[in-house]
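Chain identifiers are assigned alphabetically (A, B, ...) following the order of the sequence lines, protein sequences preceding nucleic acid strands; residue numbering begins at 1 within each chain.
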2 protein chains.
Amino acid sequence: MDSLGETIRKLREDKELPLRTVAAYLDIDQAILSKIERGQRNASREQVIKLAEFFKIKETDLLVSWLSDKLVYEVADEDVALKALQVAEEKVKYQKQKK
Amino acid sequence: MDSLGETIRKLREDKELPLRTVAAYLDIDQAILSKIERGQRNASREQVIKLAEFFKIKETDLLVSWLSDKLVYEVADEDVALKALQVAEEKVKYQKQKK
DNA sequence: GGTAGATTTGACAAAATCCTTCAAAACAAA
DNA sequence: TTTGTTTTGAAGGATTTTGTCAAATCTACC
């Protein structure tokens with residue numbers, strides 16, 4: 001149930017790597033990576049894919065973590081958050097079926 | 001399972017009102033309302049509230065419709081759409097419980 | 001305390017996105 | 001055709017996002 005940030009911070013600390021190293025791989029300033037790890041900034045899709053590659057974990061898992069973070073952020077502070085998520089789920093299921 | 005746009009278009013057409021009338025109530029250009037009804041533009045929170053007021057329907061229902069539209073838009077084209085929505089749901093439930 | 005490396009913060013700029021207005025085009029009904 | 005409605009897209013402004021950089025803060029060790 002970790003956020004994307006928490007996940008990659010743990011991975012990075014397990015390997016005892018400085019922000020600098022991972023940031024260089026992503027080709028961004030370490031300041032941004034610091035903010036991503038602490039949930040202050042959103043990562044881009046491409047950055048998530050590179051992170052999965054770097055840490056050798058399943059891309060899909062990290063994308064789910066990233067996308068769900070964005071969804072949680074979108075409904076934050078809304079009373080109807082849960083309801084909206086459930087309705088969105090139904091809408092997506094319906095669309096899928098239509099194809 | 002209608003989108004916000006479809007919902008308010010139906011309401012408006014049932015009452016046989018032109019875009020102009022509703023747009024004036026919202027204090028926006030009718031072009032924008034036209035786009036909102038057809039899902040080309042996102043409505044603002046305030047606009048949704050005014051729309052509920054105008055059509056005398058439950059604000060909460062319209063907010064759920066609006067928010068879920070935004071969520072669907074956010075996960076569109078993602079293979080992991082459904083999974084992400086489900087994980088987001090769990091994250092929201094977890095946060096709620098923590099309070 | 002002092003030093004070195006790592007991390008965080010915030011100001012700033014560039015780029016991208018969003019929002020609105022407006023006028024013209026398209027459409028519908030008579 | 002005329003009138004009223006709706007849709008479209010260009011243009012501009014405003015807002016948000018994205019990144020850079022340097023200074024400040026933190027941490028560990030001597």
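- Ion pairing between B/K83 and A/E89 fails under the 4.0 Å rule for side-chain N and carboxylate O.
- The number of heavy-atom neighbours closer than 6.0 Å to CG of B/D27, taken from other residues, nucleotides and ligands shown, is 12 or below.
- Distance CZ/A/R9 to CG/A/L19: 6.0 Å, rounded to 0.5 Å.
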May I have the list of side-chain donor-acceptor pairs in residues 58-66 of chain B shorter than 3.5 Å, sequence neighbours left out?
| from | atom 1 | to | atom 2 | distance (Å) |
| --- | --- | --- | --- | --- |
| B/S65 | OG | B/L4 | N | 3.2 |
| B/W66 | NE1 | B/A43 | O | 2.8 |

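- Judged as a side-chain contact (heavy atoms from CB on, under 4.5 Å), and not counting sequence neighbours, the contacts of B/K10 are B/D2.
- Side-chain contact check for A/I8 versus A/L33: some heavy-atom pair is nearer than 4.5 Å.
- Extent of DNA chain D lying under 4.0 Å from chain B heavy atoms, first and last nucleotide in 5' to 3' order, is D/dT5 to D/dG9.
- When the local axes at the two ends of the helix from C/dG1-D/dC30 to C/dA30-D/dT1 are compared, using 5 base pairs at each end, they differ in direction by 40° after rounding to 10°.
- With hydrogens and angles disregarded, a donor-acceptor distance shorter than 3.5 Å links the side chain of A/R12 to the backbone of A/L17.
- A donor-acceptor pair is defined here as one N or O able to donate and one able to accept, closer than 3.5 Å; such a pair exists between the side chain of A/E6 and the backbone of A/S3.
- Distance CG (B/D27) to C1' (C/dT21): 13 Å, rounded to an integer number of Å.
- Rounding to whole angstrom units, CD1 of residue B/I28 and P of C/dC22 are separated by 14 Å.
- In this structure, A/E16 places its CD atom where only 12 or fewer heavy-atom neighbours from other residues, nucleotides or ligands lie under 6.0 Å away.
- Computed from coordinates, the A/K15 NZ to C/dA6 P distance equals 18 Å when rounded to whole Å.
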Between the protein and nucleotides 7-16 of chain C, list every N/O to N/O distance that falls short of 3.5 Å.
| from | atom 1 | to | atom 2 | distance (Å) |
| --- | --- | --- | --- | --- |
| C/dT7 | OP1 | A/R12 | NH1 | 2.8 |
| C/dT7 | OP2 | A/L19 | N | 2.6 |
| C/dT8 | OP1 | A/R9 | NH1 | 3.0 |
| C/dT8 | OP2 | A/R9 | NH2 | 2.8 |
| C/dT8 | OP2 | A/S34 | OG | 2.7 |
| C/dT9 | OP2 | A/R38 | NH1 | 2.5 |
| C/dT9 | OP2 | A/Q40 | NE2 | 3.4 |
| C/dG10 | N7 | A/K35 | NZ | 3.4 |
| C/dG10 | O6 | A/K35 | NZ | 3.3 |

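- Between A/V48 and A/R45, every side-chain heavy-atom pair lies at or beyond the 4.5 Å cut-off.
- Less than 4.0 Å separates DNA chain C from no heavy atom of any residue of residues 68-77 of chain B.
- Considering only heavy atoms from C-beta on, B/K91 comes within 4.5 Å of A/D69 through its side chain.
- Two residues are said to be in side-chain contact when any heavy atoms from C-beta on lie closer than 4.5 Å; B/R38 and B/S34 meet this criterion.
- Taking the side chain as every heavy atom from C-beta outward, B/V22 and B/L51 approach each other to under 4.5 Å.
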